[in-house]
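Values below: every heavy atom of this structure, side chains too, minus hydrogens, waters and symmetry copies. Lettering of chains follows the sequences in order, A, B, ..., and the numbering in each one begins at 1.
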Protein chains: 2
Amino acid sequence: MLGSPRRNRIAERREATRLEILDAAWELAQEQGLAEFTLRDLAERVGMRAPSLYAHFASKHAIYDAMFGQAWSKYEQVALAELADLPQAPRAAIRRLARVFFDFAVANPSRHQLMNQRTIPGFEPSAESYAPALRVLELGQQIFRSIGLSDAADFDIGTAIIAGLINQQLANDPGGTRWSALLDRTVDIWADGVGLPPDPPTRTRLKTQPQGSHHGTPATRSTS
Amino acid sequence: MLGSPRRNRIAERREATRLEILDAAWELAQEQGLAEFTLRDLAERVGMRAPSLYAHFASKHAIYDAMFGQAWSKYEQVALAELADLPQAPRAAIRRLARVFFDFAVANPSRHQLMNQRTIPGFEPSAESYAPALRVLELGQQIFRSIGLSDAADFDIGTAIIAGLINQQLANDPGGTRWSALLDRTVDIWADGVGLPPDPPTRTRLKTQPQGSHHGTPATRSTS
DNA sequence: GTCTATACTGTGATAGAC
DNA sequence: GTCTATCACAGTATAGAC
């Protein structure tokens, strides 16, 4: 028998085509809306006819499903990258993570619609595409516990609050900052409510560093 | 010239037909989903053919628009009725109003979708249908101020938080109580955050009614 | 294997007869 | 006002060219 070749050129080309279709779909979703773009639009953008798309995806929902997986994988990367230099102080860390999630959502409303809302009639992500979303959720819960919180309900409240601000921002002031500007204050209200102690003061002119226990990493901030 | 008759029987019948169509549309929205039901379904339910609907509504969006107006008018009634015997204590009052809004939304997800989400592609309510929504918003702001709060941002945060809980409830636990059970606690967290003083204790076996100041207007409202 | 041509079903919407 | 007939366009299925 022939051994399998080191590379599968056919599979590679197929995968490249899939990604090309998905890239075009993201473009169209931003330009026309997630539900508005048609398969004929999409096919034209990649130089095909609509039925040819069915050689790569079983249905329009299958395209949404692949996009769903891509979006959450992308956000997982962003979140993990953010963990590399997270502020030490718990509240500052939570504020940062909330901001990252908020900005990621607002930067691409169609993507947020796909990731976090049930707005495409009949669409439900497959288990495979849902996996990265679950990993991100688990990551959030880990961080939640790592700052000393334990009540799962408080975590749920936190996610609901941030999602609520995002939805209001996108629905009632798209492109503006009306609700974005309230994010830090809202996170602090939540932190007070769930009993997260205030961060130690870090005023620069005070040289004090009254940190009882010293976490490994200094609190260098990126410009985000 | 002929004077106009006391009643316009034709207009009455027309209006009755419109309402009949809208009632059927609400049924179908609950059964099949807001975006899923078709004009053919709708026409069949009222004993017509689809094109006949266009004698009463200019488009499917026009039907959504009328439903939008109905929904907010209905909620306006519910909210005004609730004001009649609202608890005196500010936090209890806010908790009650939040609960009323929450339950109204969860009781009919399609209706909530229409009222509070941007989920029908291309649909935007007309100014006329939007009017009752604005009245409800203004009513909420009035109550907000009447309990001594003045920072409009805190009002925005409150609405975003409640909407966030509703969305999570409907998206992640439809028919359940996972987020519903967190509503009171969340409202209290918000109330703490915006500086609303705790309600005076009202344990029944204590006969005390230590209400310091009496607000001027009794809560009688017209039924609109 | 990949794409095209063609066609089927279902949608919202319109025209015109009665 | 309601009907029949029809339209344009959507997503989708499949046969067959290359």
Side-chain angles (χ1 to χ4, degrees), chain A residues 2 4-5 7-25 28-29 31-68 110 114 119-124 126, chain B residues 7-25 28-29 31-68 110 114 119-126:
Chain A
L2 292 172
S4 51
R7 287 172 53 194
N8 185 336
R9 305 190 69 91
I10 292 170
E12 283 176 13
R13 211 169 87 87
R14 226 184 129 66
E15 181 61 16
T17 303
R18 265 181 70 96
L19 292 179
E20 199 182 336
I21 292 170
L22 291 175
D23 285 349
L28 287 169
E31 294 168 15
Q32 307 183 18
L34 186 64
E36 281 78 358
F37 79 83
T38 71
L39 294 184
R40 286 168 173 82
D41 294 335
L42 179 55
E44 188 192 19
R45 186 156 302 204
V46 296
M48 290 180 187
R49 301 306 171 109
S52 304
L53 295 172
Y54 283 78
H56 303 277
F57 294 95
S59 67
K60 196 182 189 186
H61 276 19
I63 297 177
Y64 287 137
D65 192 56
M67 293 169 77
F68 183 95
S110 288
L114 180 62
T119 177
I120 304 290
F123 169 67
E124 293 234 27
S126 64
Chain B
R7 287 172 54 194
N8 185 336
R9 304 189 71 92
I10 294 172
E12 282 175 14
R13 212 169 86 88
R14 228 185 127 67
E15 181 61 16
T17 304
R18 264 181 70 96
L19 293 178
E20 200 183 335
I21 292 170
L22 292 175
D23 286 348
L28 288 169
E31 294 169 16
Q32 308 183 17
L34 186 65
E36 281 80 357
F37 79 83
T38 71
L39 294 184
R40 286 168 173 81
D41 294 335
L42 178 56
E44 188 191 18
R45 186 156 300 206
V46 295
M48 291 181 186
R49 301 306 170 119
S52 303
L53 295 173
Y54 283 80
H56 302 277
F57 294 94
S59 67
K60 195 181 188 185
H61 276 19
I63 297 176
Y64 287 137
D65 192 56
M67 294 170 76
F68 183 94
S110 287
L114 180 62
T119 178
I120 305 290
F123 169 68
E124 295 234 26
S126 64

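Annotation: cation-pi geometry not satisfied between A:K60 and A:F123 (NZ/CZ under 6.0 angstrom from ring centroid, within 45° of ring axis).
From A:Q32, atom CD reaches atom CG of A:L42 across 10.0 Å, with rounding to the nearest 0.5 Å.
Separating the CG atom of B:L42 from the P atom of C:dA13 is a distance of 12 Å, rounded to the nearest angstrom. When rounded to the nearest whole Å, the span between CZ of B:F123 and P of C:dG12 equals 15 Å. In this structure, CD1 of B:I120 is placed 14 Å from C1' of C:dT11, rounded to the nearest angstrom. Residue B:L53 contributes atom CG, which lies 9 Å from atom P of D:dT2 at whole-angstrom precision. The nearest whole Å value for the distance from the NE2 atom in A:H56 to the C1' atom in C:dC3 is 8 Å. Distance A:D41 CG to D:dT12 P: 14 Å, rounded to the nearest Å. Atom pair A:F57:CZ and D:dA13:P shows a separation of 16 Å (rounding to whole Å applied). Protein atom CD of B:E44 is 16 Å distant from nucleotide atom P of D:dT2, rounded to whole Å.
B:Y64 places no side-chain N or O within donor-acceptor distance of the main-chain N or O of B:I120, the cut-off being under 3.5 Å.
Nearest nucleotide to the B:A55 side chain, out of C:dG12, D:dT12, D:dT2: D:dT2. Distance from the side chain of B:M48 is smallest to D:dT2 among C:dG12, D:dT2, C:dT4. The side chain of B:R49 has D:dT4 as its nearest neighbour among D:dT4, C:dT6, D:dG11. Distances from the side chain of A:P51 to the nucleotides D:dA10, C:dA13, D:dT14 place D:dT14 closest. Comparing C:dG12, D:dT12, C:dT2 by their closest approach to the side chain of B:L39 singles out C:dG12.
Residue order along DNA chain D, read from the 5' end via each residue's closest nucleotide, puts B:R13 first among B:R13 and B:R40.
Residue contacts shown for B:T17 are absent, as no nucleic acid heavy atom lies under 4.0 Å away. Using a 4.0 Å heavy-atom cutoff across all strands shown, B:S52 reaches at least one base atom of the nucleic acid.
Applying the 4.0 Å criterion to OP1 and OP2 of C:dT2, one finds that A:R14 has a side-chain N or O inside that range.
With respect to the salt-bridge test (charged N to carboxylate O, under 4.0 angstrom), the residues B:R45 and B:E20 do not qualify.
The 12-atom threshold is exceeded at CD of B:E36, counting heavy atoms of other residues, nucleotides or ligands nearer than 6.0 Å.
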